[in-house]
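Predicted model, so just to flag it, every value in this text is computed and none were measured.
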Amino acid sequence: FPVTIKWIEKFGFDIKDKDRLDWVKGAFNLERSNEDNNKFCFEVYSHYIPLDYVHQLQNLYFALTREELTIKL
């Protein structure tokens, strides 16, 4: 599945910047892609890692936090 705002909300991310639509969960930040507003990316050391699919978001989140993303009911 593609990463969407609905998925981001289901995983319990909170909106960080309403104007830019940046999202945060703990120290993990997601941003809208500058190239495509329908895509999201993760910034680390001024490099942007595109996250096109939910499994990429889950894998990166786990690799960095050692926690699984769970769906918030």
(message) Can you confirm if the aromatic rings of F42 and F28 lie within a centre distance of less than 6.0 Å?
(response)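 Close enough - the centres of the two rings lie under 6.0 Å apart.
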(request) Would you please name every residue forming a side-chain contact (heavy atoms from CB on, under 4.5 Å) with N29, sequence neighbours left out? (result)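 Here the qualifying residues are K16, V24.
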(request) Could you grab the distance from atom CD of E43 to atom CG of D22, nearest 0.5 Å is fine? (result)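 So the CD of E43 and the CG of D22 are separated by 9.0 Å.
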(message) What's the separation between atom SG in C41 and atom CG in L51, rounded to the nearest 0.5 Å?
(response)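 Answer rounded to 0.5 Å: 7.5 Å.
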For residues 6-15, run the donor-acceptor check on the side chains, cut-off 3.5 Å, and write out each pair with its distance to 0.1 Å, sequence neighbours left out.
none

Check: residues 55-66 side-chain donor-acceptor pairs under 3.5 Å, at least two apart:
from, atom 1, to, atom 2, distance (Å)
Q56, OE1, D52, N, 2.7
Q56, OE1, Y53, N, 2.8
N59, ND2, H55, O, 3.2
T65, OG1, Y61, O, 2.7
T65, OG1, E67, N, 3.2
T65, OG1, E67, O, 3.4

(request) Apply side-chain contact (heavy atoms from CB on, under 4.5 Å) to the pair L30 and K25, showing each step before the final yes or no. (result) CA-CA 9 Å; L30 286 176; K25 183 169 182 160; over 6 Å; no
(message) Just so I know, are the side chains of E31 and Y48 near enough to count as touching, which here means a heavy-atom distance under 4.5 Å?
(response)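 A side-chain contact under 4.5 Å exists here.
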(request) List the steps, then state whether side-chain contact (heavy atoms from CB on, under 4.5 Å) holds for I5 with F40. (result) CA-CA 9 Å; I5 290 174; F40 295 89; 3.7 Å; yes
